[in-house]
Each structure stands twice: as structure tokens, then as C-alpha cells.
Amino acid sequence: MTQRRILVTSALPYANGHIHIGHLVEYLQTDIWVRFQKLRGHECRYFCADDTHGTAIMIRARQEGRAETDVIAEMSESHQRDFAGFHIEFDHYGSTNSEANKERCTEVWKALRDQNLVIERDVTQLFDPKEGIFLADRFVKGTCPNCATPDQYGDSCEKCLATYSPTDLKDPKSTLSGATPEVRTAKHLFVTIESFRSFLSEWTGQDDHLESSVANYLKGQFLGKELRDWDISRPAPYFGFEIPDAPGHYWYVWFDAPIGYIASTQEWCAKHNQNLDDWWRSDQTEIHHFIGKDITYFHALFWPSMLKAAGFTLPTRVQVHGFLTVNGEKMSKSKGTFIRASTYLEHLNPTYLRYFYASKLTPREDDIDLNLEEFAQKVNSELVNKVVNLASRSARFVADTGLSDAYPDDDGLFENGAATGEFIAEAYEAKDYNKAVRLIVGLADRANEYFDKMAPWQLKKEGKLDEARNVCSVALNLFRQLTIYLAPVVPQLSTESARLLGTEIKTWDDAKTPLVGTGVQPFKHLLTRVDMKDVQAVIDASTDASTETAGASAATSDDSGDALAAEPIADECTFEDFMKVDLRVARVLKAETIPEARKLLKLTLGLGGDETRTVFAGIKSAYEPSALEGRLVVMVANLAPRKMKFGVSEGMVIAAGPGKEDIYVLSPDDGAVPGQRVH
RNA sequence: GCUGAAGUAGCUCAGUCGGUUAGAGCAGGCGUUUCAUACGCGCCGGGUCGGGAGUUCAAAUCUCUCCUUCAGCACCA
């Protein structure tokens, strides 16, 4: 086999949030592939970095009263600790806020300029005069220009679903300072990405660069019409690199982030006396990017365009994966399924998750589901009961004698396993780990059948010691074969398994030659079962608090003050003003979902006696109707009825939280009864 | 609405350049062994392959149509 040179990346995690089990789908998918290639003897390098620039980091640093560089240094350390905890091994882990990255950004930029691909255009945006920064849509709130609902974000209204520009909002307020934003115009630089369209149409459709469904998506969604210019600069203040030929303007974070792949490689090259061009300007090198489907656009359109413009090697493959759901639903803080990597590691073995994800992953961009019951069952049944147990049930028989000196007749099992190894390798190569795992477990089944049929414990009783030893030698060799095939997925288990037989796993082809005559170490447990109690402990720990959202604008469930900062206290009002609002305790008599509505639940609220109100509440994303029925809530009882798409809403249910799954309906303490006024 | 994808046993999936009685694992039922982390092994039940129509000697697999689900988009890229 000729040795391939392969460069692999995962998307750069953003320095504004912690690693969670959703992120891990990607890093584990990548790590498994890299480990497989290394085991096959290829020169494979895995590069990643923290993505550090942008407004979100800048705002976070301001709120915490420290330098951006402090924030990102701390987060980088945390990220790398989490990755290491899951046995994810990078050849180099850098940062987009590095000299190397600045150099490479400058290089790409120069190429774009030289080819006249950059144009200038004015962009009108809201500006926060107190903070002195331009405001992205999510940092502006005001009254919907369409239906007059107050307190709506700058891009769309949650009530009437209208979309608009933040400059259309009535009474806009900055969510950062509460100041009234000004409309300002600033110069932005754009890359005329349209000039790459014919190249992209060709590239995305050929040579397996993308899964066909992804290529179809791009073709249908973007490449059929003119590509809009890409807004690639942000005016000061901005945390990032200042554009050399445009003082006061910075590269947009999405420009310098992927270039971080090259910069990370460059730093590694410097340390290992390698030439960067051998990795990024060579048709001898394969480049594989692993990404989530949310950033397909950037990696399959913008990124190849940048690479082409600057004369770098184009990706061999952009591998797109889906999102993670837990128990069939989006990860949710209120359900405790928004699980941080570090929280998981406090209670559970990383090997479990590596195995489970591998068993689920295919080359397609389907979402994968972490059903926690299935997780425990699958790991216990397949990995512990079948694979590990094979060693456990046979090792003791040969603890004194070691393996047979010649490999015994085994009905062709080992040979079959060696041959199957090629199919397993094909599956790994194609990123079809689901298939690889199925093949491996199939081999484990055959090994267990053989062991049962031969019944070495029986042979031992009958005094046929040599025969018993032979059977166990076969079993342990088959076990070893399995652990070699599983090594990319569960490296720690494989390493410890090899130690049992006094060897190391060096290459994939070790699975082709049986061990003979070697000693066997005393067996000790290689892996314990998943205990649902520990799984529950993870859920509990994730439900409590301590979880932190990715966005700076979103509130956290701690007392940091972020929530207050995200939405400052409103203007003062008088007691009379307050008394105009009639808040009442109400019981949820009925809660119905409206299938066509994305955000609304239809609630029938009882105010005592026969008095009821129909209220449409935008809490579908956070509550199951059944969980609401019967409970007491607080409602605005004298709000003017509003005609909505699905009927007339006769009030409002009081709730806190930034939205989405983070919505918390308020309840009175025990003793309150429907109809009582809240003073 | 537009675009992309998907609908195969209770669950997770395999199988599709058309071709023997549609497969696996898990879950369920029955039996069995005792070497092993009460694990393993054997057997059984269970699917009109989303519905309908068409092409064909033959369709889960090709064509059309309808239904359902998911995701993306509707000026953030």
C-alpha cells in the first residue's frame, strides 16, 4: 500500500462557549478517522484551533471587564482539556488569534485584491452610541413595525412572524446598554463571490468532494442563481485582525476562521521542520474537512473560493455531519440534555460515548440521536458483554500456560476475521462507522458461538488441557483482532487489551497474524457496564445550573448578571402605571398544541368559576402541553385581545427567559387560587 | 411557499445498477449452559418494505402521483 499524506480538520470551536456532547459528534467522528488512517500507516495529521474573533467575544470581555485575550486563553485551555478527556488527539491545536493566522489572512487578502475581487459598499446599520459599536440584529430590541408587539428582536417578530430590518423597529433599544441606537452608515468590503460560481458548480458536483445530497442542496439553494457578494469586513471596534489596506476595518470572523486551518498547520510545520507548501500547495496531499451541516455554506462555497484565489490546494472532501438530538429531541437545558463534555466526564467513561457515536455515524448528514436507554443497552450488550467478555471468559484458562505455541485449527475463524478486516477498513475509510461497528460485532458474535460450542471449561474437566488451551488461544486471538479493529473508536480499551496479551497495537495489519506462545497477564476488568444511575447523575448535573449558553446575549441560569445585562431594566413607571396591568392567578384548564404553529400553544385558562380565557402563548419550544395542564400560572388578564393567525388571544401568560427552550413560566406559591389578583 | 433529504419489524438501522421464502442488533417470549463483569448459546413471535397507480416474466429496489416527517431558505451569510 502506498502511503498517503492526509491533512484533516474539524471545525474550529468558538471561544465563547464550552464543549458539549453535540460538538463531540464532530470531534469524535474526526478523531476516529484520523486514528484509523494512522493505524493504516498513512501520514495523517489532525489540525484544529480555537475560533476567537468577533463581536460576541468582544462583548463578553467587556461585560467581564477583562481583555479579550484573557477570555480566549481561558477558553482554549478548557476546550483542550475537554478534548483530551475524550481521547481526541490533535497534532496541533492553535488559535485564530495568532501571528501565523494573521500572515495567512494577509496572503489570501492580497490574492483577492490582486484579482480585483474586493469591492466597497456602504452598509446602514444601527449603532449603539453608549457602547460605541454597531449592533447585530440580535442585540437590538423594539416594537414590531407590523403588529406593534413590544420587546421584539431586530430581525423578526415572535408574535406575527414578520421579518424586517432592525432599522424598521419602532422604539429600538440596544440590549447591551439600553441606549437608543442611531442609524449609521459605514463602509464595508465585499468579496464578489459570484465570479466563482461556475467553478463552484463544477467543484461541488465532482470527485466525491461532497456527499451527493449536500451537492444537491447547494445546487438547489445557491448555485442556480447569482451569488450575493460576501460582506467580509466589520468597522471598528471589532475584535479581530485589522485589514492592512483598510485601516479601521477588520476581517469578519468567518474570513479568518477557516484560514486558521492553514495557520494551525503552519505552527505545526515550524515545530516539526516541515514545509507548509507540502501540506497546502501539493497535489500529493489530501485535505479532509469535517464540519456540521450548519456551516456547509461557508466550507463548500466561500472556503474553496478563497483557497482557489490564493492558490492553495482544494479540499479532497468536505464531510458534513448532522446534529445531535438527545432522546429524540433537541438538547434542552430544562430537560438536562444540554450536557457539557466536562459534566459527562465527571460521571461516565468517554469510551462509552466514543463507541455509541461510532455505532451511529454514517457518511450522510442525518441527525443522530443519543437515546440514553439505547446508549446504555448498546454499550453494555455489544462492547462489554460480547467483546470484553470474550477476553474475560477465556483469559483465566491460559493465565498459567500462555497461548498455544502453534496457532490451532479454528474452523477458519481467524482467517475470516482477517479478510473481514478489509471490509471494515473500507467502511472506516468511507466514514461509515455504523457499518464498521456492525461488521466488528458480527465477528464478536461468531467468536462467542465458537467458544460456546467448544466449551473449554468442559474440556478442562475431562482433562483435555491442551485442547482447552487451544480454544482459549483462538478466543484471545479473535479478541485481539476485534480490539485492533476497534482501536480507532475505543483507543484506551484497545491499548489495555493489548497489554493483557503483552503486546501493543502498532498497525492495522497486526490483525492478520495470530499471536502464539506468548504469556497472558492476569485478567482485570477492562470496562465496566454503563449504570443508568450515572447517566441520570449527568442529567441531574446538567439540569441544575452551571450550563452556559454559547451566545453572549443569552441569559445563563447562574447569578452572573449576564441576564440583566442582556436586557436592561426598563424606564421608570409610576404606581398608577403598574396598577393598569391586572395580573391574575389562573389555572391551565387545557393546553393544546397547534400543529401549524411553530411557537404557539393554545391555552385555556380558568380564573375560577366559569370565567375562562383563551390565550396563545409562545412557549411551544419549551413546554409539553401535558406538563402545563392543571398547574397555576400568572396571566395579564386585562390585555387588549389580539387577533392572531389561529384565533383571538385574550391575555398573556407571564414567563421569563430569553426564548427558545429557555422559557420559564411563573407560578405562585402553594395556597394561591385562580382569580386572585397579583399586587 | 421554495429547496434539499427521509419514510423497511416495538426501537436503531442494513439491504436498492430489479431476481431464490425481506435481513441484523436491541427489546419481547421460550429453552439451555455455567468459563465469564448474571454474561453466553439455541429457538420463536413480529414487517401487505408510507398509500396508490404504472413499467416488467419479476419491484423494498425503476417511473408517476399522493401522504407524512425532518432540515435549510424567505435578504445573516
Side-chain angles (χ1 to χ4, degrees), chain A residues 123 125 136-138 154-156 161-166 190-191 193 211-225 227-232 252-255 292-298 301-302 320 322-323 325 327-328 330 356 359-362 364-371 373-398 427 432 434-435 437-442 444-461 468 471-472 475 479 523-531 595:
Chain A
V123 171
Q125 233 185 325
D137 294 353
R138 67 178 185 282
D155 51 354
S156 66
L161 305 176
T163 56
Y164 41 77
S165 156
F190 291 76
V191 175
I193 217 81
E211 194 71 8
S212 63
S213 57
V214 176
N216 289 344
Y217 154 76
L218 292 169
K219 197 173 160 192
Q221 196 78 34
F222 303 105
L223 293 170
K225 51 186 186 291
L227 293 170
R228 284 203 301 273
D229 297 334
W230 182 25
D231 185 351
I232 207 173
Y252 176 47
V253 57
W254 262 110
F255 176 72
K293 63 185 181 184
D294 52 330
I295 55 176
T296 303
Y297 187 94
F298 291 97
L301 298 182
F302 288 168
V320 182
F323 296 143
T325 56
N327 292 335
K330 279 187 180 168
F356 185 79
S359 77
K360 288 275 165 184
L361 279 165
T362 70
R364 294 180 296 278
E365 74 278 17
D366 303 333
D367 290 350
I368 69 170
D369 185 46
L370 169 60
N371 179 293
E373 283 287 343
E374 188 194 0
F375 165 74
Q377 268 164 9
K378 199 170 181 77
V379 170
N380 291 345
S381 150
E382 296 177 6
L383 201 53
V384 183
N385 296 351
K386 287 181 179 176
V387 177
V388 174
N389 191 229
L390 188 59
S392 171
R393 67 195 303 204
S394 51
R396 194 181 293 170
F397 287 113
V398 287
D432 197 349
N434 164 278
K435 188 173 185 180
V437 168
R438 265 187 295 121
L439 288 169
I440 295 167
V441 174
D445 282 338
R446 254 154 278 160
N448 276 306
E449 288 160 22
Y450 168 84
F451 199 80
D452 254 74
K453 194 180 78 183
M454 301 308 281
W457 57 94
Q458 198 65 37
L459 296 170
K460 197 180 169 191
K461 273 185 201 157
V471 171
C472 292
F479 170 72
F523 184 83
K524 52 178 198 225
H525 283 194
L526 294 166
L527 189 69
T528 55
R529 274 165 223 295
V530 179
D531 188 336

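None of the values given here were measured: they were computed from a predicted structure. A note on names: the letters A, B, ... follow the listed sequences, proteins ahead of strands, and every chain is numbered from 1.
- Formation of a donor-acceptor pair under 3.5 Å by the Asn434(A) side chain with backbone atoms of Ser359(A) is found in this model.
- Within 4.0 Å of Leu527(A), counting heavy atoms only, lies at least one base atom of the nucleic acid.
- Between the C1' atom of G42(B) and the CG atom of Asp445(A) lies a distance of 13 Å, rounded to the nearest Å.
- Figure legend. C2(B) is base-paired to G72(B); pairs are counted as Watson-Crick or G-U wobble with both atom distances under 3.5 Å.
- Of all nucleotides present, none satisfies the Watson-Crick or G-U wobble test against A9(B) with each distance under 3.5 Å.
- In this structure, Arg393(A) pairs ionically with Asp452(A), as a charged nitrogen and a carboxylate oxygen lie closer than 4.0 Å.
- Within the nucleic acid shown, Leu218(A) has no heavy atom closer than 4.0 Å to any nucleic acid atom.
- Base pairing of C17(B) is not made with any nucleotide, judged by Watson-Crick or G-U wobble geometry with both donor-acceptor distances under 3.5 Å.
- In this structure, CD of Glu211(A) is placed 14 Å from C1' of A6(B), rounded to the nearest angstrom.
- Across all strands, Val388(A) comes closer than 4.0 Å to base atoms (heavy-atom distances).
- G72(B) atom P lies 9 Å from atom CG of Asp367(A), rounded to whole Å.
- In a base pair of the Watson-Crick type (N1 to N3 plus N6-O4 or O6-N4) or a G-U wobble (N1-O2 and O6-N3), with each distance short of 3.5 Å, U34(B) is matched with no nucleotide.
- Between the NZ atom of Lys386(A) and the P atom of A38(B) there is a distance of 17 Å, rounded to whole Å.
- Nucleotide C43(B) forms a pair with G29(B), judged by Watson-Crick or G-U wobble geometry with both contacts under 3.5 Å.
- The backbone N or O of Leu390(A) sits less than 3.5 Å from a side-chain atom of Ser394(A), completing a donor-acceptor pair.
- As judged by a 4.0 angstrom heavy-atom cut-off over every strand, Asn389(A) is placed among the base-contacting residues.
- Ring centers of Phe302(A) and Trp254(A): at least 6.0 Å apart, outside the cut-off.
- Judged by Watson-Crick or G-U wobble contacts below 3.5 Å, the nucleotide U48(B) has no partner.
- Residue Arg228(A) is classed as a base contact, given a heavy-atom separation below 4.0 Å to a base.
- A salt bridge links Lys293(A) with Asp367(A): the closest approach of a Lys/Arg side-chain nitrogen to an acidic carboxylate oxygen falls below 4.0 angstrom.
- In this structure, Phe451(A) reaches the bases: a heavy-atom distance under 4.0 Å links it to at least one base atom across the strands shown.
- Aromatic stacking of Trp230(A) on A77(B): not satisfied for centres closer than 5.5 Å together with planes under 30 degrees.
- Rounding to whole angstrom units, CG of residue Asp369(A) and P of A71(B) are separated by 13 Å.
- With C1' as the reference atom, U16(B) and A58(B) are 15 Å apart, rounded to whole Å.
- Here Lys460(A) lies out of heavy-atom contact (under 4.0 Å) with every strand.
- Here the side chain of Asn380(A) pairs no donor or acceptor atom with the backbone of Arg529(A) at under 3.5 angstrom.
- Using a 4.0 Å heavy-atom distance criterion, Glu373(A) is classed as making no nucleic acid contact.
- Nucleotide A60(B) forms a pair with no other nucleotide shown, judged by Watson-Crick or G-U wobble geometry with both contacts under 3.5 Å.
- Rounding to whole angstrom units, NZ of residue Lys219(A) and C1' of G72(B) are separated by 18 Å.
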